[in-house]
Protein chains: 2
Amino acid sequence: MDGGEYTRDQHRSAGAAAGGEPQGRPRDARETRARILRAAGAVFAERGYEAATVRDIAARAGVNQALIFRYFGSKQALLTEVMAQDGKEQVSSTPPELLFETALRGVLAEGGGADADRLAVYLRSIGGADAAPETVRALGEEYAAALAALSEAEDGTLRAQLAMAWLLGIGLMRVVVRQEPLATADPDAICTHVLTALDRLLPVLPGAGPRPGAERGAGADSGAGEERPGVRP
Amino acid sequence: MDGGEYTRDQHRSAGAAAGGEPQGRPRDARETRARILRAAGAVFAERGYEAATVRDIAARAGVNQALIFRYFGSKQALLTEVMAQDGKEQVSSTPPELLFETALRGVLAEGGGADADRLAVYLRSIGGADAAPETVRALGEEYAAALAALSEAEDGTLRAQLAMAWLLGIGLMRVVVRQEPLATADPDAICTHVLTALDRLLPVLPGAGPRPGAERGAGADSGAGEERPGVRP
DNA sequence: TAGCGTTGTAAGCGTGTGCTTACACAAGGG
DNA sequence: CCCTTGTGTAAGCACACGCTTACAACGCTA
């Protein structure tokens, strides 16, 4: 899609105008579209699909709400586009064994840009009635399917879905219920606990101990008091 | 207020009229109230708090929607009353070590009357914006707090909340996402898997089946809710 | 019978929603 | 200049929501 950046910025004051007020802003459909998309991602993530209103989104984007319908047609289509932003690529480009940990860390990151946004939208829109139509539900199925392929045991799919359910629950507890201390606990600690426990369900996962040849660029082991209860003493 | 206790029942024909049509139904405030309460529980459970409308509830109860406001004052108050039906008693009357398994089996039961309804309301209303106001959230906190008391380790609360999160996620997968095979899998199998994995996080729990190290696979042999293994064999 | 409080009902109020319509600017070309 | 095309805006439509109000039907007591 239109991932590129336009060089219209020369006119813009680098967006430092802070508000995004409709003052001197030049007419740039591309920029406007992108701005709406960004605002929509944020609002959907904050309040869920149903609770988010197009007026909110328009206000946050600093545009007239009619533009949303000119550019996207409907609220649903807007959601679809938000969820489709580069999406799916991560899940299919990550080796299955690492997918769970990657996804878990994604959940735990929270605030890490568009990717975390999509996840938040998913979490917040799950409960809704018919709610998030297909688009949102698809994200979950994507992950579940990939995870399910992990185990070849007879009930491998079930085990994978149980893991998926844990992921979902942890995300919910963190981003919507915000229950302490889980909400602000160290991601590494959580990750360790979960992977340790899950080692009994899905032995294929890396487990919680010292990673065998799995290098993640994150290097997020900033945790000071890292007990890291080894899976193998 | 008006905690009225009228012994009008003598007049009622036990409400066996089955349809609920507004025909020959006699005037009985008690029955009407109860009928609304039942309908509200069902609708809230099916669609979540926000998506449920008082018109739906009134229709299902077979009464005029104005009666809902006469008897309960507001939609929120109605929810409060629905959630308060005997609630809380189970959680405080169950020994902590068994609470998790009990709750898990409650989640897995689904369809088991009012208790499962309350849980479904909780699950379906979590994502909503401000959504389920206090009442619903309280149910979750209740369980979490009780579970948190299980472990005395420094991060015992965190571990307990992780378990709680799993519970939540499994419930979500089952009752709202309805993903197969989890949605229709054998409760005993799920219970075994979860308790086995969780044994590493919360050793205080009964655990699943035989104690030992890497024993798994045989799985579902552990009886239904019957085994009742002591915390310390 | 009339009176009166209780139970039920129809109609509507105010607001917020997704979405539409009619129109005001800006540029480019004849 | 006018005309067309693309971009932005104000006003509003139709509807669903939670909630209210005015009023009818009933059951009881006097």
Side-chain angles (χ1 to χ4, degrees), chain A residues 6 8 11-12 20-36 39-40 43-44 47-59 61-82 128-133, chain B residues 1-12 15 17 20-36 39-40 43-44 47-59 61-80 128-133:
Chain A
Y6 235 32
R8 198 49 169 268
H11 291 174
R12 310 266 10 258
E21 290 78 46
Q23 55 194 10
R25 170 145 50 91
R27 307 178 143 220
D28 185 339
R30 268 263 251 239
E31 237 293 294
T32 302
R33 233 187 97 101
R35 185 196 301 247
I36 292 175
V43 175
F44 280 147
R47 333 209 345 188
Y49 173 72
E50 303 208 303
T53 74
V54 304
R55 283 172 173 88
D56 280 346
I57 296 172
V63 306
N64 189 290
Q65 64 150 337
L67 282 190
I68 290 184
F69 296 96
R70 181 198 293 293
Y71 285 124
F72 299 93
S74 73
K75 186 188 176 188
Q76 261 217 31
L78 176 57
L79 172 70
T80 300
E81 204 128 344
V82 166
D130 35 279
Chain B
M1 315 333 178
D2 67 28
E5 62 299 348
Y6 321 85
T7 40
R8 277 289 179 72
D9 310 343
Q10 41 193 16
H11 291 173
R12 307 273 13 262
E21 289 80 45
Q23 55 193 11
R25 170 146 49 91
R27 314 179 135 218
D28 185 340
R30 266 260 258 235
E31 237 295 292
T32 303
R33 234 188 96 102
R35 184 196 302 250
I36 293 174
V43 176
F44 281 148
R47 333 206 352 187
Y49 173 73
E50 303 210 303
T53 73
V54 305
R55 282 173 173 87
D56 280 345
I57 296 172
V63 306
N64 189 289
Q65 63 151 338
L67 282 191
I68 290 184
F69 296 96
R70 180 195 296 291
Y71 285 124
F72 301 94
S74 73
K75 187 187 175 188
Q76 262 218 32
L78 177 57
L79 171 70
T80 299
D130 35 277

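Quick note on labels: first sequence line is chain A, next is B, and so on, each numbered from 1. Hydrogens, waters and symmetry mates are skipped; everything else that's a heavy atom, side chains included, is used.
- Going from atom CD1 of A:Ile36 over to atom CZ of A:Arg33 covers 8.5 Å, rounded to the nearest 0.5 Å.
- Spacing between atom CG of A:Leu67 and atom C1' of D:dA11 amounts to 15 Å, rounded to whole angstrom units.
- If you take CD1 of B:Ile57 and C1' of D:dC17, they are 13 Å apart, rounded to a whole angstrom.
- At C:dT7, none of the side-chain N or O atoms of B:Thr32 fall inside 4.0 Å of OP1 or OP2 (strictly under the cut-off).
- Using modelled atom types, one side-chain atom of A:Lys75 and one backbone atom of A:Tyr49 make a donor-acceptor pair closer than 3.5 Å.
- To the nearest angstrom, C1' of D:dA16 lies 11 Å from CG of B:Asp56.
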B/S/- contact track for nucleotides 19-27 of chain C, protein heavy atom under 4.0 Å
BBB---B--
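- Recorded end-axis angle for the helix from C:dT1-D:dA30 to C:dG30-D:dC1 stands at 40°, based on five pairs per end and rounded to 10 degrees.
- When the side chain to side chain donor-acceptor pair (under 3.5 Å) test is applied to A:Thr53, the partners found at least two apart in sequence or on another chain are A:Asp56.
- You'll find the side chain of B:Ile57 stays beyond 4.5 Å of the side chain of B:Val63, heavy atoms only.
- Put simply, CD on B:Glu31 is 16 Å from P on D:dG27, counting in whole angstrom units.
- Nearest heavy-atom pair, A:Ile68 versus A:Ala58, reported as atom, atom and distance to 0.1 Å: CD1-N, 3.8 Å.
- Put simply, CD1 on B:Ile36 is 11 Å from C1' on C:dG8, counting in whole angstrom units.
- Under the rule for a side chain to side chain contact (heavy atoms under 4.5 Å, CB included), the partners of B:Ala52 that lie at least two apart in sequence or sit in another chain are B:Val43, B:Phe44.
- Here the C1' atom of nucleotide D:dG8 and the CZ atom of A:Arg35 are 12 Å apart, to the nearest Å.
- Atoms OH and CZ, from B:Tyr71 and B:Arg30 in turn, are 11.5 Å apart once rounded to the nearest 0.5 Å.
- A:Ala52 comes within 4.0 angstrom of sugar-phosphate atoms only, judged by non-hydrogen atoms across all strands, and of no base.
- Under the side chain to side chain contact (heavy atoms under 4.5 Å, CB included) criterion, A:Phe69 pairs with A:Val54, A:Gln65, sequence neighbours left out.
- D:dT7 atom C1' lies 15 Å from atom CD1 of A:Ile68, rounded to whole Å.
- Per the geometry, CG belonging to B:Leu79 stands 17 Å off C1' belonging to D:dC17, to the nearest Å.
- Within 4.0 Å (heavy atoms only), B:Tyr71 reaches sugar-phosphate atoms of the nucleic acid but no base atom.
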